[in-house]
Structure formats: structure tokens, C-alpha cells
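Worksheet for the structure shown next.
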Amino acid sequence: MVELSWKLLLNTLVQRHGRNPVRLLQMLREVQESKGWIAPEMIADLADWLGLPGSQVRGVADFYSFLHTGGPCRYRVLFSDNITDRMQGSEALLDYLCGRLLLEKGRVSEEGLVSVDTTSCTGLCDQGPGLLVNGWAIPGVTRERLDQIAELILGRRPVEQWPSDFFVIQDHIRRAGILLGSGLKPGEALRVASQRDPVSLLEQVKASGLRGRGGAGFATGLKWEACRNAPGDQRYVVCNADEGEPGTFKDRVLLSRYADLVFEGMTLCAYAIGAAEGFLYLRGEYRYLLEPLREVLNRRRAEGLLGRNILGRQGFDFDIEIHLGAGAYVCGEESALIESLEGKRGIPRNRPPYPVTQGYLQRPTTVNNVETFCAAALITHKGGDWYRSIGTPKSAGTKLLSISGDCAKPGIYEYPFGTSIRQILADCGAEDAQAVQVSGPSGRCIDATEFGRRIAFEDLPTAGSFMIFGQERDMFEVARNFVEFFAHESCGFCTPCRVGTSMLKGAMEKIAAGHGTACDLGEIEALDRVLNQAAHCGLGSAACNSTLDTLKKFRPTYERRLKSLEFEPAFDLDGALARARRMTGRDDAGAHLETEA
Amino acid sequence: MSEPVEKKLRLATTSLAGCFGCHMSFLDIDERLLELLPFIEFDRTPLTDIKHCGPCDIGLVEGGVCNAENVHVLREFRKNCKLLVALGACAATGGLPAQRNHLDLADCLQEVYVTEASLSRGGIPNDPELPLPLDKVHPIHEVVKVDYFVPGCPPSGDAIWKFLTDLLAGRSPKLGHGLISYD
């Protein structure tokens with residue numbers, strides 16, 4: 001009977017997705033959600049149904065952190081492991097829950113009931129520590145909450161029946177500017193645009209000076225224009241809501257509270273470039289937003305803001321579908337995201353060609369950040385010149401910051417570009433900060449002497465992550481957390497990154513364990529050169545940033561951990577002989593090694 | 001090569017957990033060994049049978065570190081050699097001997113000296129003359145600082161020749177195309 005039930009499930013699922021291999025990841029995600037794991041026979045069956053090699057299906061299932069092929073497990077508890085979660089006590093809480101459940105971290109309990117492990121930042125930094133239970137986000141975890149969770153798990157209560165207040169996530173909007181305070185109503189910007197032709201919309205976006213909000217800052221108008229002009233019959237709009245940079249959660253709030261603005265921006269983009277289909281790629285950690293977002297899409301269809309002949313304009317057809325990710329930071333890179341949209345492993349493509357000419361299914365595709373689409377809607381409504389007048393000459397408009405860490409009021413802050421770090425720290429109650437990590441682990445770490453610097457593409461560019469570290473924080477541990485993150489999230493495709501990030505992690509572990517030497521600091525710098533020159537994508541080339549920044553600005557936190565200026569092994573040489581001593585019963589002088597050379 | 005310098009460079013070589021294949025490959029530079037001799041003299045090496053290494057310019061180490069004696073020899077080399085070179089795959093990565101790293105050492109000894117019928121008479125040897133094995137085999141750079149790595153299993157005679165002549169001429173060694181293969 002059990003056999004029949006999954007066969008039936010796969011059958012309906014595959015039919016619903018039109019037996020289309022491009023939808024493989026979505027199918028696997030649904031299997032994971034309903035069965036708690038993806039069994040080898042399910043992989044074989046899916047491969048048969050879709051006409052794919054079994055190895056390809058297996059390869060996709062193994063790539064994503066939230067797809068499990070190792071065995072069944074009814075409750076998978078994943079603690080968010082960002083540095084901000086650790087600062088809020090996540091490590092002790094994880095140990096506590098393991099103790100309550102008599103579990104070892106990372107191991108599934110005997111009867112396949114529960115496992116407890118860590119995962120990369122879940123975007124709940126302003127209300128952490130966060131965790132996911134079977135993919136559902138729970139903020140503000142405490143011992144009391146873990147007691148309740150342990151009871152529910154041991155009582156085998158399905159997660160859908162858990163108290164709903166566990167899952168309430170706050171928006172924490174602390175400072176609203178032109179975007180968060182616009183009050184734009186659904187369809188308002190679209191009405192303005194649909195009165196004019198697409199080219200004039202494009203001109204407005206170009207005139208506004210809007211640059212991509214995902215961090216790289218490419219001119220949005222130019223991107224749209226290039227996509228519009230690229231040869232091809234079908235074009236696509238893709239919204240990158242794979243907000244994976246640790247410390248970033250602004251898209252979570254935009255999608256919770258301003259979903260109409262996001263979809264409106266995507267629809268405007270479709271109008272400007274001539275696309276009929278769009279995708280919102282939602283990170284797996286934001287699974288809980290899927291149904292609310294689908295409701296918004298349905299409402300917009302009913303209101304004539306999506307679908308055929310939008311707002312009565314003949315031939316303006318556009319619809320949006322939501323694709324869910326499954327736990328892979330690298331999919332935030334636009335070409336990896338497109339691979340993932342196509343149901344494959346999220347491995348970045350060679351660029352060029354860029355997505356604007358050969359993106360989704362090798363067709364012209366515009367990929368923009370959630371915030372970029374919102375800004376585009378605003379620009380359409382109020383005009384490009386108005387937008388350009390805000391911010392700095394090279395960075396028009398405003399930027400949303402996700403502020404977390406050691407401050408009185410963590411949350412979302414909207415600032416015009418050009419605002420100083422000092423101003424921001426004063427507003428959120430962190431005047432005494434030791435350091436700020438701007439734009440996440442792949443961004444830059446700045447110390448107090450640099451708080452006069454400004455948020456702008458020409459000074460400190462940022463995708464929005466803003467993590468604050470108070471005087472008592474150990475900046476070495478901050479960098480070590482980021483290094484672990486990159487080693488975990490490296491997609492494994494290119495050797496410099498796959499091996500380099502692990503070597504970097506090894507060097508940091510060696511220093512942390514008190515075995516480090518001056519040589520190891522030199523090794524880190526050499527690794528940075530290799531990663532910078534040879535990594536296939538930005539993940540690898542940014543992997544050493546936090547280590548190098550903290551080495552430069554907080555060097556004593558490294559130096560005080562060093563054992564000597566000579567070389568030392570990372571392990572205890574005499575200890576490495578202990579096994580052989582026991583097996584031979586020897587304890588003579590020759591059976592020992594001095595630890596110091 | 002340029003005219004002989006006044007003071008010859010002292011060269012030491014050793015094989016730790018290796019198969020002497022890298023040393024054989026060193027001999028594969030053939031008659032060019034004679035070209036080297038005006039510039040170098042050998043210290044501890046299987047060629048001279050000198051048992052301990054004195055102050056040297058260059059130390060070539062073949063093989064990884066699998067037991068306590070390897071540690072002593074490697075430390076002696078590091079202490080005495082200005083430049084320490086990991087010669088070949090085992091020194092650089094642990095190589096073939098490191099294949100035992102996924103096995104528990106106690107299980108290995110048990111299997112070889114106790115369970116296996118043909119060898120089980122003596123039990124696990126515990127003579128102090130025998131160096132104790134480490135629980136894992138390590139590449140040499142995990143135990144001492146290493147200055148240069150020459151990859152290959154073994155590196156070809158030409159690669160070793162290129163590496164040494166670069167070092168002698170004071171150029172940063174570069175093997176380049178044809179002398180490194182990735183198969």
C-alpha cells in the first residue's frame with residue numbers, strides 16, 4: 001500500500017507539471033515536502049517519467065540542501081547558522097534541543113523521527129535565532145520554545161497543527177522612504193505605463209539612473225533595452241528573490257508587505273521588453289510566503305493586472321509563476337538561478353553570453369532583484385527625473401538596508417544613497433559599534449575609522465546586508481563564520497573554489513584551535529590570490545574578503561591565537577601515535593613524538 | 001648553464017612513505033647528472049648513504065608522513081635545509097599510502113597481524129626498533145613548512161631537471177606546459 005501511495009503521488013505530480021523536465025526541481029521539492037525524503041526508487045521513477053538519465057535526477061536531488069536522499073526523517077530541524085544567529089545564542093540552543101531529543105547533531109534519530117542540524121542564514125537576523133522545521137520558518141527561538149517543539153515532535157504532531165504563533169514573522173520596518181512609503185496602489189503604475197508605448201517606459205527607467213539592487217549595480221534601463229533588442233521570439237522576466245546573502249532580509253519584507261509592487265514592477269518590465277512570461281524565484285527558506293504570494297497573483301489576475309490584454313490593452317499579455325528554490329546560495333547568481341529555473345543543478349554559466357541575450361531556455365531574459373522591480377514601479381509612476389534627483393549623482397534613489405547584529409532596533413531601513421554609516425548607526429542605536437559588515441560575507445568589513453563612508457556604488461556598494469558588531473565581539477569568529485559559509489555553499493563545479501574554500505576553512509580552524517602560525521596567515525593571502533584569479537564565479541572570488549578585511553583591520557585577533565612564528569601541524573603528532581601505542585602496548589621513548597619541533 | 005659558482009649548493013634527498021619512484025625519476029635526468037655536479041654536492045641521500053643531514057641548501061623529500069620515523073627525518077630536513085621541496089604526489093598530497101586514511105589504524109593492524117591467516121603468528125609487532133605508524137598519513141606540508149611542490153607520480157626526469165636548473169639559476173621554478181599532466 002505504501003508503495004502504491006508514492007507511485008500515485010509521483011504520477012499526479014508529473015502529470016500536473018506536464019512531464020516537463022524543466023520542472024524537475026519543483027517536482028523534487030514537492031516529493032520532499034510530502035514524503036520527507038526522496039527515495040532512490042522515486043528518483044528512478046521520475047527519471048523514467050521524464051525521459052532523463054537517473055544520474056541527472058540524482059545529481060539535482062543531491063545538489064540542493066533542502067532535498068534529502070539519505071533516508072526518511074519526519075521532522076528536520078535546521079538552525080540558521082549566520083553569525084547574527086550565533087550572537088543570539090543559536091549554538092547553545094541547538095545543543096539544548098539535541099539534549100532534549102537525545103540526538104547527535106546531523107544524525108537522524110533511530111526510528112527516522114527527527115534530525116537537528118544547521119543551515120545557512122534563513123533571513124531572520126532581525127528576530128533570530130531562526131530555524132526551519134521541514135522548511136517552515138520559526139523566528140526568535142528560545143529554550144521555552146524548544147521545549148514546546150520537542151514535545152510536539154515526540155508527540156508526532158504534524159507541523160501543520162503546531163500553534164500558529166510559532167510562525168509569526170515581524171516586518172520591523174523602522175524607516176520608510178520614497179519606496180516603502182509610496183502608498184502606490186495595485187495597478188497605479190501600470191495604468192500610467194499602458195497609456196504610453198513601451199519605449200517611453202524604457203526611456204523613463206534609463207533617465208532615472210536606476211541601478212540593480214542585487215549588489216552589482218548594472219544600469220537597469222540598459223539591461224531592459226538590451227533584452228528588448230536581443231533577437232528572439234520569446235522573452236522572459238525573472239525576479240531574483242533568492243535572497244541568500246547572510247544578513248539580508250529586505251526581500252522577505254518586500255514580498256510579505258509589498259508583493260503588489262514587486263509584481264507590478266515585473267509586469268512593467270514585461271511591457272518594456274515584450275515578455276509574456278515571468279518567474280519569481282523564491283528562496284526555499286521563504287517557503288511560507290508561497291501561498292500568500294499566489295493569492296496576490298490570483299487577485300491581480302482577477303483585477304486584469306495579469307493575464308491576457310492587461311488593463312484592456314490589446315496584446316499586452318503577461319503572467320507570473322513562482323518557482324521555489326531548495327537551499328543553495330549560489331542560485332542567487334543570475335545564471336545559476338536560470339539553470340535552477342530550468343530544473344538543473346545551480347551551477348553558474350560562462351558569461352558572456354549574458355542572460356539578456358541567452359537566458360532562460362537560451363532566450364532573452366531580464367533578471368532583476370526584488371527591490372529593483374519595486375523601484376521601477378515607482379519610477380514609472382513618478383518619473384525618471386524625480387527619481388534621479390534623490391541620492392547621489394552615480395547612485396540614484398534609495399536603498400533598503402537589512403540591519404541586524406548589535407543594535408537597539410534591528411529591521412528594515414530605507415535611506416537615500418549617500419547616507420553615512422555613522423548616521424545609520426545612530427538611527428538604529430549602535431553608536432558604539434566596533435565594525436560593520438556591509439553587503440554580507442562577500443562584501444566588506446569596515447571599522448570605526450571608516451564610519452564616515454557612505455552607502456553608494458561609488459563608495460560602499462551594498463545589496464542590503466548590514467551586520468553590526470559591538471565592542472565585545474571577536475572579529476576572528478565573525479570571519480570564521482563567513483568562511484564556513486562559503487565552504488558550505490561552494491557549488492563544487494570549479495576546483496579553485498571547491499578546494500580553496502575548504503583550505504581556507506582548514507586554515508581558520510587551525511588558527512582557532514591554537515595551532516596557527518605566521519605561515520598560515522601567509523597561506524590565506526596566497527589562497528585569496530588563487531581564488532580571485534581562478535574561481536568560476538563571484539562566490540569563489542569573494543570567499544576570502546572577510547578574512548582579508550579582518551586580517552587588515554583586526555589583526556591582533558588572529559595573532560593572539562597563533563602558537564608560534566614557526567610552522568606547526570594542525571594536529572597533535574604525539575596523539576596521532578596513540579592508536580599504535582595501544583595496539584602494540586609500547587610506551588618507550590621511541591613511541592612518542594615531541595609536540596614542539 | 002653559467003660557469004660554476006665558487007660555493008657548491010648542498011642537496012639532500014630522502015624518501016619517507018614513498019616507493020623510491022621519485023628518486024628513480026631523479027636518476028632519469030641521466031647524463032645531465034654530470035652537468036649538475038659542478039654546481040651541487042650531495043649531503044644525506046640514498047646515493048651517498050650519509051645517515052644524517054647537515055646544513056643544506058635544498059632538501060628534496062619524496063613520500064608522505066606515515067610513521068614516527070618519517071616525522072623525525074622530515075624535521076631533520078626542515079631544520080637543515082633552506083629550501084624544502086615536496087617531490088611527487090605522495091609528498092604533496094599523501095598519495096597512495098594515504099589510501100589507508102579512511103580505515104581505522106587499529107583495524108588495519110588487527111587485520112594484517114592477527115586476523116589474516118598467513119601472517120598471524122607473531123601478533124602485532126611491538127619492537128621498539130620499529131617506528132609506530134601515525135593514525136593517518138599526511139602530506140609533508142601538514143607537518144612542516146614546505147617551500148616548493150613538484151607534482152607528478154613521479155615527476156618526470158625532465159620536470160626534475162627543469163625545477164633544479166631553475167632553482168640553481170635563481171629563477172622562480174615554473175614547470176609549464178608539457179611537464180605537468182593532469183591525467
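Below, all heavy atoms of this structure are taken into account, side chains as well, without hydrogens, waters or symmetry copies.
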Problem set entry | Nearest-0.5 Å distance, CG of residue B:L134 to CZ of residue A:R579 | 13.5 Å

Exercise. So, for B:A68 and A:G590, which heavy atoms are closest and what is the spacing to 0.1 Å?
Worked result: CB-O, 4.4 Å

Problem set entry | Rounded distance [0.5 Å steps], CG in B:N126 versus CZ in A:R581 | 14.0 Å

For this session: Could you tell me the separation between the CD1 atom of B:I124 and the CE atom of A:M583, rounded to the nearest 0.5 Å?
Result: 3.5 Å

Problem set entry | Note, B:H72 side chain near A:L593 side chain (heavy atom, < 4.5 Å) | yes

Exercise. What part of B:H138 lies closer than 4.5 angstrom to a heavy atom of chain A: side chain, backbone, both or neither?
Worked result: side chain

For this session: Kindly give the heavy-atom pair with the smallest separation between A:C519 and B:K145, and that separation in Å.
Result: SG-CD, 3.3 Å

Exercise. Under 6.0 Å from the CZ atom of A:R107, do we count more than 12 heavy atoms belonging to anything else shown?
Worked result: no

For this session: Please check if atom CD in A:E484 has more than 12 non-hydrogen atoms from other residues, nucleotides or ligands closer than 6.0 Å.
Result: yes

Exercise. Where on B:D104 is there a heavy atom nearer than 4.5 Å to chain A: the side chain, the backbone, both, or neither?
Worked result: side chain

Exercise. Measuring from B:D135:CG to A:L577:CG, what's the distance to the nearest 0.5 Å?
Worked result: 8.0 Å

For this session: Give a yes or no on whether A:E111 atom CD has more than 12 heavy-atom contacts from other residues, nucleotides or ligands under 6.0 Å away.
Result: yes

Seminar exercise, completed: Okay, B:V143 and chain A: the region with an atom under 4.5 Å from a heavy atom over there is both

Exercise. Measuring heavy-atom distances to chain B, does A:A591 have an atom under 4.5 Å in its side chain, in its backbone, in both, or in neither?
Worked result: both

Exercise. Are the side chains of B:R78 and A:F567 in touch, meaning some heavy atoms are under 4.5 Å apart?
Worked result: no

Seminar exercise, completed: Minimal heavy-atom distance between A:A580 and B:P133, with the atoms involved, is CB-O, 3.3 Å

Exercise. Just wondering, do B:R75 and A:L573 contact through their side chains at under 4.5 Å, heavy atoms?
Worked result: yes

